[in-house]
Amino acid sequence: MIPVSAPYLSPEDERSVMEALNSGWISSEGPYIRAFEEALADNFDRRYVSVVSSGTAALEIAFAALELKPGDEVILPDFMIVSCLFPILRVGATPVFVDCDIDSFNCDPEKIIEAISDDTKAILLAHIYGLPVDLKKVISIAEKKRITIIEDAAEVIGQTYDGSKCGSIGDISIFSFYPNKHITTGEGGALLTNCKQLKEKFDYYRNLGFTSERFIHTDLAWNYRMTSIQAALGLSQLSAIERTVEKKRTIGRIYNDLLKDLEHVKLPIDDKPYAKNIYWVYPIVLTGNFTGRSKHVQNQLRHRGIGTRPFFYPLSRQPLMNGKISRYIGENNALKIYESGFYIPSGVPLTINEQELVATELRAILK
Ligand SMILES: *Cc1c(COP(=O)(O)O)cnc(C)c1O
């Protein structure tokens with residue numbers, strides 16, 4: 001079986017983890033956490049970083065830090081992972097869903113702007129599948145209206161938008177370090193900001209809301225701490241980020257070449273004026289006779305030993321929403337691509353031979 005995404009763990013990763021283990025620093029105390037946070041801040045042009053136990057935990061903390069009230073609105077992409085929806089619902093705010101562009105999978109900036117109301121307190125800008133969202137106009141309007149930007153950069157670690165590093169753009173930005181992301185710590189995540197008060201809130205919420213007076217608590221909080229073993233892995237993974245992104249771009253370009261004449265398939269966008277795709281995943285959308293048949297084609301690929309993953313299912317249609325959608329801006333593109341799209345193997349250890357095999361099998365199925 002060719003896995004859809006296997007992590008690449010190097011000898012340096014092993015050395016770094018063993019060093020942490022042998023040092024005896026295995027909890028979230030000690031030098032590794034601070035070293036990883038400083039290296040992340042340095043690399044992504046931020047003043048402050050707090051590492052946490054997952055990308056989802058980072059989003060929970062980000063929204064807790066905003067202190068939203070019922071009636072406050074948060075704009076977010078409909079074509080997105082549920083990790084972005086949970087914290088909005090949990091704090092009692094109202095999610096406003098913006099549909100994706102059918103070609104880039106990212107939110108159309110004009111639709112985000114259309115979604116803004118007097119109650120909008122935050123906009124969650126999420127970059128999808130390796131290509132950043134076109135955010136310049138949204139950011140400038142948000143600044144004028146004092147709307148907080150949360151940037152979910154989990155899928156674009158190592159990407160830039162018009163020269164700025166993804167992860168450096170939001171009032172709060174978040175990363176995930178899940179094994180399919182460009183930096184992995186097994187499980188893990190980070191919050192990035194330039195605001196000292198926010199950094200203090202992040203550290204407070206990830207650590208049970210401890211105050212200077214130990215065991216006295218005034219707020220609900222979490223244990224979302226990262227371990228030093230993870231931070232040690234993160235440090236060596238971070239030092240390889242350029243190589244990782246280069247390899248992902250190469251995988252993307254090889255597929256573009258192998259699949260360019262294939263009928264019934266739309267390939268991802270390689271290039272936008274503000275960024276070149278880094279192919280966090282390699283998404284394809286079935287067309288023509290195969291429109292709406294992603295499940296069928298994925299099954300066929302599985303029988304031929306090729307792993308795939310479905311696209312996100314629209315958040316506005318999740319059963320947990322009970323159909324109670326206050327506002328939705330768009331034309332159900334997210335549902336359309338969910339029914340016709342999936343992504344094919346693109347982990348860093350993938351070989352050219354494996355890519356050729358994927359292309360051959362796809363060609364046979366889509367005849
Ligand atoms: C992976 C991912 C997350 C969640 O991260 P976890 O570490 O798996 O909790 C959040 N947002 C986006 C865009 C992601 O791709």
Side-chain angles (χ1 to χ4, degrees), residues 4-5 7 36 40 44 49-64 74-90 95 97-98 100 104-107 112 122-133 135 149-159 161 166-167 169-170 172-192 202 205-206 222-227 230-231 233-234 237-238 244-245 248 268 277-283 309-315 318 334 337-338 341-343 346-347:
V4 71
S5 176
F36 186 33
L40 285 167
F44 295 100
V49 174
S50 297
V51 291
V52 291
S53 53
S54 70
T56 304
L59 286 159
E60 291 283 353
I61 289 176
F63 280 102
V74 179
I75 296 169
L76 80 164
D78 195 28
F79 186 66
M80 198 55 213
I81 190 162
V82 76
S83 308
C84 293
L85 178 60
F86 285 158
I88 298 171
L89 298 178
R90 229 188 291 275
F97 300 99
V98 172
C100 62
S104 72
F105 313 124
N106 276 306
C107 283
I112 298 176
I123 299 173
L124 193 136
L125 289 178
H127 313 286
I128 311 273
Y129 291 170
L131 207 56
V133 57
L135 46 72
I149 297 283
I150 297 181
E151 180 193 19
D152 184 339
E155 302 183 1
V156 288
I157 305 178
Q159 177 61 287
Y161 172 86
C166 294
I169 297 164
I172 301 172
S173 300
I174 74 104
F175 287 150
S176 160
F177 303 131
Y178 190 71
N180 64 356
K181 306 290 159 75
H182 290 170
I183 293 173
T184 186
T185 59
E187 300 282 354
L191 294 124
L192 305 91
F202 302 159
Y205 280 122
R206 78 174 165 186
W222 298 274
N223 175 358
Y224 280 162
R225 300 182 301 250
M226 176 182 271
T227 70
Q230 293 172 299
L233 178 55
Q237 285 267 312
L238 173 60
T244 302
V245 167
K248 297 291 277 194
N277 205 333
I278 57 170
Y279 299 101
W280 170 63
V281 295
Y282 194 89
R309 281 288 181 286
F311 276 10
F312 297 126
Y313 186 69
L315 290 179
Q318 294 291 346
I337 59 172
Y338 167 77
F342 57 90
Y343 45 96
S346 72

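Whatever order the structure lists them in is the order used to number ligands and atoms, beginning at 1. A quick note: this is a predicted structure, and the numbers were derived from the prediction, not measured. Just so it is clear, the values below take in all heavy atoms, side chains as well, and ignore hydrogens, waters and symmetry mates.
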Quick one: does any side-chain atom of [X] pair with a main-chain N or O of [Y] as donor and acceptor, under 3.5 Å?
| X | Y | value |
| --- | --- | --- |
| Glu187 | Ser54 | no |
| Asn106 | Leu131 | yes |
| Lys248 | Ser346 | yes |
| Glu151 | His127 | no |

- Task: Mind telling me whether Phe175 and Phe177 have parallel, tilted or perpendicular rings, with 30° and 60° as the class edges?
- Result: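 Judged by the thresholds at 30° and 60°, the geometry between Phe177 and Phe175 is tilted.
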- Message: Tell me whether the rings of Phe105 and Phe311 are parallel (<30°), tilted (30 to 60°) or perpendicular (>60°).
- Response: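 Plane angle over 60°, so perpendicular.
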Mind listing the side-chain donor-acceptor pairs of residues 79-87 below 3.5 Å, one per line with the distance, residues two or more places apart or on another chain?
from  : atom 1 : to    : atom 2 : distance (Å)
Ser83 : OG     : Thr56 : OG1    : 2.9

- Query: Do any N/O atoms on Tyr178 end up under 3.5 angstrom from N/O atoms on ligand 1?
  - Reply: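 No, since none of the N or O atoms of Tyr178 sits under 3.5 Å from an N or O of ligand 1.
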- Task: May I ask you to check if ligand 1 and Gly55 share an N or O to N or O distance below 3.5 Å?
- Result: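 Yes, at least one N or O pair falls under 3.5 Å.
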To the nearest 0.1 Å, how far is [atom] from its closest protein heavy atom, and which atom is that?
| atom | answer |
| --- | --- |
| atom 14 (C) of ligand 1 | Lys181 NZ, 3.2 Å |
| atom 9 (O) of ligand 1 | Thr56 OG1, 2.5 Å |
| atom 11 (N) of ligand 1 | Asp152 OD2, 2.7 Å |
| atom 15 (O) of ligand 1 | Glu155 OE2, 2.6 Å |
| atom 13 (C) of ligand 1 | Met80 CE, 2.9 Å |

- Are Glu155 and Ile278 close enough that some pair of their side-chain heavy atoms sits under 4.5 Å apart?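 They are not in side-chain contact.
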- Message: Between ligand 1 and Glu187, can you find any atom pair, the residue atom being a heavy atom, that is separated by under 4.0 Å?
- Response: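 No heavy atom of Glu187 comes that close to ligand 1.
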- Task: Consider ligand 1: state whether an atom of it lies below 4.0 angstrom from any non-hydrogen atom of Gly188.
- Result: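 Judged by the 4.0 Å heavy-atom criterion, Gly188 does count as contacting ligand 1.
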Any idea which atoms of ligand 1 are less than 4.0 Å away from a heavy-atom of [X]?
| X | value |
| --- | --- |
| Ala154 | 2 (C), 11 (N), 12 (C), 13 (C), 14 (C), 15 (O) |
| Ser83 | 4 (C) |
| Ser54 | 7 (O), 9 (O) |
| Ile81 | 10 (C), 11 (N), 12 (C) |

- Ala122: partners by side chain to side chain contact (heavy atoms under 4.5 Å, CB included), with sequence neighbours left out: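 Side chain to side chain contact (heavy atoms under 4.5 Å, CB included) check on Ala122 returns Leu66, Val74, Thr148.
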